[in-house]
Amino acid sequence: MDGLLIDSERLWLEVESEVMAWLGGTWTPEHQERLVGGSLSIAVAYMLELTGADASPEEIGRRMLDGMHERLTACAPMMPGAKELLAELRAAGVPAALVSSSHRRLIEPVLDAVGREHFVLSVAGDEVGNTKPHPEPYLTAAGRLGADPSRCVVLEDSPNGVAAGEAAGCVVVAVPGVLPIPPAPGRTVVESLREIGLARLRELAG
């Protein structure tokens, strides 16, 4: 979702910077790079490690979720090519699932903005026992779709997401965002979703 479907990494940077200021520390793009594609709990632990602040993880997490929910409710700008690809998949009757490390509370406003009709289901980071880079989120989605993971194509922008998709046995297309993602056997790397259409996805899925 973040950085692949919607242009939200800059929003995360704003929120993380605000929370870190509240904790008495500073936040940079380099700090954000450590967390791209990861879970909220990892981000909170990292902030506490950096600042040594006397604040509860629950309060930090709440502030981050509040800040992102406010921004995503106001605007969830889509990444180039995302709208067109989703429309093409829906028109062809190809089922799509939204699989994110973000909590359900943040997925809901994005689904409202993008269009719930484009997705058969969604899997949130707070609905699985293990988040990316563990394969559980994608295996969960494939299982609920009744699909063989090897016939599923995962679209990801982060190394953690790519690792999760590959560990699940899915075909992976990487659209690098904040962090670079090198080519690898069985992995397709493109600059934008504009380079991916239904015909290409069917070719990749075999």
Side-chain angles (χ1 to χ4, degrees), residues 1-12 36-37 71-102 104 106-125 127 132 135 137-206:
M1 184 177 81
D2 295 293
L4 185 285
L5 179 63
I6 59 169
D7 184 12
S8 57
E9 293 298 353
R10 59 186 176 83
L11 303 180
W12 275 110
V36 171
R71 286 165 171 79
L72 291 174
T73 299
C75 180
M78 296 186 73
M79 294 293 283
K83 182 178 180 179
E84 293 79 6
L85 179 57
L86 288 174
E88 186 179 14
L89 292 173
R90 182 167 180 252
V94 177
L98 179 60
V99 182
S100 178
S101 292
S102 286
R104 172 58 58 186
L106 302 186
I107 288 180
E108 290 302 313
V110 173
L111 288 173
D112 287 337
V114 171
R116 294 174 180 272
E117 67 275 11
H118 294 299
F119 300 97
V120 175
L121 60 92
S122 57
V123 178
E127 295 171 347
K132 305 172 188 178
Y138 282 116
L139 291 175
T140 298
R144 289 171 60 188
L145 286 170
D148 180 347
S150 68
R151 298 297 305 281
C152 296
V153 181
V154 163
L155 301 167
E156 271 286 354
D157 71 299
S158 72
N160 273 347
V162 167
E166 291 178 343
C170 302
V171 178
V172 175
V173 175
V175 189
V178 175
L179 297 175
I181 300 173
R187 177 191 304 166
T188 300
V189 181
V190 298
E191 292 185 2
S192 164
L193 287 177
R194 288 174 174 158
E195 299 178 38
I196 295 292
L198 178 57
R200 184 73 183 282
L201 293 179
R202 281 181 167 153
E203 176 186 333
L204 291 170

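Because the structure is predicted, anything quoted here is derived from the model rather than measured. Just so you know, residue 1 is the first one in the sequence shown, and it goes up from there.
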### Query
With side chains defined as the heavy atoms from C-beta onward, is the minimum distance between L111 and S122 less than 4.5 Å?
yes
## Note on the structure
Distance col, row L121:CG vs T140:OG1, nearest 0.5 angstrom, shows 10.0 Å
### Task
Return the minimal non-hydrogen interatomic distance between A205 and V153, and the atom names on each side.
CB-CG2, 4.0 Å
### Query
Under 4.5 Å between any side-chain heavy atoms of P149 and L139, yes or no?
yes
### Query
What are the two closest non-hydrogen atoms of P95 and V120, and how far apart are they?
CB-CG2, 3.6 Å
### Task
Would you indicate whether the side-chain heavy atoms of E108 and R116 approach each other to under 4.5 Å?
yes
### Message
Between E84 and R194, is the salt bridge (Lys or Arg N to Asp or Glu O under 4.0 Å) condition met? List the steps.
### Response
CA-CA 8 Å; E84 293 79 6; R194 288 174 174 158; over 6 Å; no
### Message
For the OG atom of S102 and the CD1 atom of I6, what is their distance to the nearest 0.5 Å?
### Response
7.5 Å
### Query
Do N160 and V36 touch side chain to side chain, with heavy atoms closer than 4.5 Å?
no
### Task
To the nearest 0.5 angstrom, please state how far the CG atom of L204 sits from the OG1 atom of T188.
4.5 Å
### Message
Please report the interatomic distance CZ(R10) to CZ(R71), rounded to the nearest 0.5 Å.
### Response
10.0 Å
### Query
Are side-chain heavy atoms of L193 and L4 found at a separation under 4.5 Å?
yes
### Task
Might you point out which heavy atoms bring L86 and M78 nearest each other, and give the distance in Å?
CD1-CE, 4.0 Å
### Task
With the side chain counted from C-beta on, respond yes when L201 and V94 share a heavy-atom pair under 4.5 Å apart, and no when they do not.
no
### Over all atoms of both residues, closest heavy-atom pair of C152 and A147
SG-CB, 3.7 Å
### Query
Does the side chain of V173 come within less than 4.5 Å of V154's, by heavy atoms?
no
### Query
Testing V110, D112, I107 for side chain to side chain contact (heavy atoms under 4.5 Å, CB included) with L72, which one passes?
V110
### Summary
Closest non-hydrogen contact found for L106 with M1 is O-CE, 4.1 Å
#### Entry: Modelled atom types, side-chain donor and acceptor of Y138 and E166, under 3.5 Å
no
### Minimal non-hydrogen separation, K132 against S101, with atom names
CD-OG, 3.6 Å
### Query
Would you say R144 has more than 12 foreign heavy atoms packed within less than 6.0 Å of its CZ?
yes
### Query
Between E195 and R200, does at least one N-O distance fall below 4.0 Å, as a salt bridge requires?
no
### Query
What distance do E9 atom CD and S158 atom OG have between them, rounded to the nearest 0.5 Å?
8.0 Å
### Task
Any chance you could lay out the side chain to side chain contact (heavy atoms under 4.5 Å, CB included) test for V114 and F119, step after step, and finish with the verdict?
CA-CA 10 Å; V114 171; F119 300 97; 4.2 Å; yes
#### Entry: Heavy atoms from other residues, nucleotides or ligands near CD of E117 exceed 12 (cutoff 6.0 Å)
yes
### Message
Could you check whether any side-chain heavy atom of I181 comes within less than 4.5 Å of a side-chain heavy atom of R187, counting everything from C-beta outward?
### Response
yes
### Message
Show, in sequence, the C-alpha distance, side-chain angles and deciding distance for D2 and S100, and conclude whether the side chain to side chain contact (heavy atoms under 4.5 Å, CB included) test is met.
### Response
CA-CA 8 Å; D2 295 293; S100 178; 4.2 Å; yes
### Task
Mind checking the CG-CG spacing from L5 to L155? Nearest 0.5 Å is all I need.
10.0 Å
